[in-house]
Number of protein chains: 2
Amino acid sequence: MTEVVRAPDRHRGPTLKDVARLAGVSVATASKALNGRSEVHPETRQRVIDVAERISFTPNTLARSLLVGQTGTVGLLTNDLEGRFSLPILMGAEDAFGTGKMSVLLCDARGDAIREQYHLRALLGRRVDGLIVVGSSTDPRPSLGQELPIPVVYAYAPSADPRDASLVPDNVAGGRQIVDHLVATGRSRIAHVSGDSAYAAARERAQGVTEALAGAGLPLIGGQTFYGSWTEAWGRSATHALLDQHPDIDALVCGSDQVARGALEVLRERGVKVPQQIAVTGFDNWEVLSADSRPPLTTVDMGLEALGRLAAERLFAAMDGRPTAGEERLPCRVVVRGSTDAGL
Amino acid sequence: MTEVVRAPDRHRGPTLKDVARLAGVSVATASKALNGRSEVHPETRQRVIDVAERISFTPNTLARSLLVGQTGTVGLLTNDLEGRFSLPILMGAEDAFGTGKMSVLLCDARGDAIREQYHLRALLGRRVDGLIVVGSSTDPRPSLGQELPIPVVYAYAPSADPRDASLVPDNVAGGRQIVDHLVATGRSRIAHVSGDSAYAAARERAQGVTEALAGAGLPLIGGQTFYGSWTEAWGRSATHALLDQHPDIDALVCGSDQVARGALEVLRERGVKVPQQIAVTGFDNWEVLSADSRPPLTTVDMGLEALGRLAAERLFAAMDGRPTAGEERLPCRVVVRGSTDAGL
DNA sequence: AAACGCTCCGAAAACGGTTTCGGCGAAGTT
DNA sequence: AACTTCGCCGAAACCGTTTTCGGAGCGTTT
């Protein structure tokens, strides 16, 4: 009559029952001994611990989760694993979680809503305690809905629904900060070459640039932001055109480090000294591009790891019954290098 | 007498019991209905399905896992989440898994053995069905040991223990391939500037370069591989030195795309035409560096996503009772761009 | 009318832990 | 000597699901 159900092949490791049997106690006592509860004689406890160690007993987290209703796992739903934005966020989150005893279940939806829905169900089925959704651009994305049984935090790409909690870098402030830096170091004839205007990030940064210039009473040389694509090639051609029409600029704000690299190359080619004649700035602080160029690029760091950590903290708070809502904008940081400061 | 144990606060979602009650059947029947088993009347089945849909029932995977002894989860233990090598591998693995119903539990040990051990225990406790360990360089790393209850596959960084299954890119062949390409396109005076010689990758690639040159009966100009660091700065200074001493080279094989970018910049500065006078090659096919340079870089792609996919497949095979062992070297692929072919 | 086969359903065991609560000695109290 | 107190331990419920196996109901055959 016993053993009606039996997984046929699978080798299972030692269980608490085995520990209990070998230590000559009940499973209840074994459990209490291993979990440091008080109602166990020290000697008995040691015996249990020794046995557990000896047979290398590893408690089955699943069983515990099933009972207590929490898994100690969070889902990380990303939309571009290859992108350079998800990664630091993921690291920051892993960091914040790792110190405790949370694990991260990673899913990549690749921008496909169907796949996203599929992964969502999988995560829900695995009873994750919370969810971080990270997008590939700062453009708002559809909400996962308000009906989910677990808290959700959106990182980098905010949710379109203001009832959700979203964390995004403050691109507008970033644009302002970089212009403030240039103005503070004596530049006054500033132009702005950015990337693809379809990206909210490009428009937001341009807005910041415009605001800061207006605040300083300075003109935007060229009269507009020159949008193009997030490539070195665009940076090169835009810089050529700009220099032809406005040879008197003394600073060039670029929408990304890639664009700035293109600009740097053309300026060098045309014999323009950076930063003496023209200062150049990037955006993103993508180190492989910005740290080792000639001269190294002054750029804006969006602090994505901090954003990831904060996302984890917001999630913790929500799981703890203290949810937040709305879009939270995190400050950027200007990283000053040689392209704006001859001393570096 | 009922409800002795009760999780106090946690809101639990609808369970199979709820579905069964609302559909007027037993849990056994409800389970069978939802899982498409045959011994259920079509009408009953539909009723159950409708109820499940209506109350948005999500089966608790944990309970199932506990019973059948498999979780449908694999652990991904990485050592540099920020590095550019882990990511494609992770994507490839996620890809291979995602099609089925596997989930990925991600841990970043950051090169710290303690943290690695800690994460390993967490993964074991969560009863992952298998483990992929991905390192940050192709240097061998210590084995996790043979005593683990689940199969392990090492990716990118091989295990030092030959009994383990390891998957690495074939750097030696990559070095050979790039030289073969140069020789085939008419180059004969070839020099090699690489990165940090402490990396196995640098030494292996150099070995391939040397072998291929010897095979073609050609000398390595300069008489040696010039090791330095994986930076543009090193690429620049090495190229200057090389041109001063050997102005007659017609090809420069670089150990990475970063080094190649530095070389490209110096060649342009010194008025040397690439590829007409000197061909330049990189390694890694890091697109942000190689695809948009002037000219675009011919480079070697290590096929890391394929490596990740294969790691997943090897893991599946092992979980299925067909383990592999030893170090498997995966082929690289030369990506031809303008820096070696004037037509591009 | 009895025997049989078939379809559909439900009781119950099982997975591996945690927690509650009652029991049992031994020591202390009166 | 009887009663209380206290420390330590174990039986059993419980989490949510799957699977087995017996049984009920019903139609068909001899």
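Throughout, a chain's letter reflects where its sequence line sits, starting with A, and its residues are numbered from 1.
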> What is the distance, rounded to the nearest whole Å, between atom CG of A:Leu16 and atom P of C:dG16?
Replying inline: 11 Å
>> Expressed as a whole number of angstroms, how long is the span from B:Gln70:CD to C:dA14:P?
In response: 21 Å
>> Checking side-chain contact (heavy atoms from CB on, under 4.5 Å) between A:Glu328 and each of A:Leu167, A:Val153, A:Asp170, which is the one that passes?
In response: A:Leu167
> Any donor-acceptor pair under 3.5 Å linking the side chain of B:Asn79 with the backbone of B:Ser136?
Replying inline: no
> Is B:Thr29 touching bases, backbone alone, or none of the nucleic acid, heavy atoms closer than 4.0 Å?
Replying inline: base
> Hey, is B:Arg141 close enough to B:Asp164 for a salt bridge, meaning N to O under 4.0 Å?
Replying inline: no
Check the interface with nucleotides 23-28 of chain D: list each N/O to N/O pair with the protein under 3.5 Å, or write none.
none

Under-3.5 Å N/O pairs linking protein and nucleotides 4-8 of chain D:
unit_1	atom_1	unit_2	atom_2	d
D:dC8	OP1	A:His41	ND1	3.3

> Rounded to whole angstrom units, what separation is found between the CG atom of A:Leu67 and the C1' atom of D:dA12?
Replying inline: 13 Å
> Between B:Val128, B:Val133, B:Val152, B:Leu144, which is the residue that forms a side-chain contact (heavy atoms from CB on, under 4.5 Å) with B:Leu120?
Replying inline: B:Leu144
> Which whole-number value in Å describes the distance from B:Gln46 CD to C:dC8 C1'?
Replying inline: 17 Å
>> Let me spell it out: for each of B:Val25 and B:Arg127, pick the nucleotide of DNA chain C with the closest heavy atom. Which residue's pick is nearer the 5' end?
In response: B:Val25
> Which whole-number value in Å describes the distance from A:Asn35 CG to C:dT19 C1'?
Replying inline: 11 Å
> Using the ring of each side chain (for Trp, its six-membered ring), is A:Phe316 parallel, tilted or perpendicular to A:Phe97, with breaks at 30° and 60°?
Replying inline: perpendicular
> Within this structure, what is the CZ-to-C1' distance between A:Arg12 and C:dA14, rounded to whole angstrom?
Replying inline: 9 Å
>> Between B:Thr61 and B:Lys32, which residue's closest nucleotide on DNA chain D lies nearer the 5′ terminus?
In response: B:Thr61
>> Could you check whether B:Asp50 pairs with B:Arg47 (Lys NZ or Arg NE/NH1/NH2 to Asp/Glu carboxylate O, under 4.0 Å)?
In response: no
>> Using whole Å, what does the distance between atom P of nucleotide C:dC9 and atom CZ of B:Arg37 come to?
In response: 14 Å
> Which comes earlier along DNA chain C counting from the 5' end, the contact point of B:Ala63 or that of B:Arg47, where each point is its nearest nucleotide?
Replying inline: B:Arg47
> Should we say atom CD of B:Glu43 is surrounded by more than 12 heavy atoms from elsewhere, each under 6.0 Å from it?
Replying inline: no
> Near B:Arg329 CZ, under 6.0 Å, is it more than 12 heavy atoms from other residues, nucleotides or ligands?
Replying inline: no
> Considering the terminal five base pairs at each end of the helix from C:dA1-D:dT30 to C:dT30-D:dA1, what angle separates the two local helix axes, rounded to 10°?
Replying inline: 70°
> Does A:Ser31 make a side-chain N or O approach to OP1 or OP2 of C:dT18 shorter than 4.0 Å?
Replying inline: yes
>> Would you say A:Asn60 places a side-chain N or O within less than 4.0 Å of OP1 or OP2 belonging to C:dC15?
In response: no
>> Whether A:Arg163 and A:Asp161 form a salt bridge (side-chain N of Lys/Arg under 4.0 Å from carboxylate O of Asp/Glu) is what I want to check.
In response: yes
> Taking CG from B:Leu66 and C1' from C:dG17, how many angstroms apart are they, rounded to a whole number?
Replying inline: 8 Å
>> So, does A:Thr15 get its side chain near the phosphate of C:dG16, meaning an N or O under 4.0 Å from OP1 or OP2?
In response: no
> Any chance CD of B:Gln146 has more than 12 other-residue heavy atoms, nucleotides or ligands included, within less than 6.0 Å?
Replying inline: yes
> Salt-bridged, B:Asp18 to B:Arg12, with N to O below 4.0 Å?
Replying inline: no
> Any Lys/Arg nitrogen of A:Arg322 or A:Asp320 sitting under 4.0 Å from an Asp/Glu carboxylate oxygen of the other?
Replying inline: yes
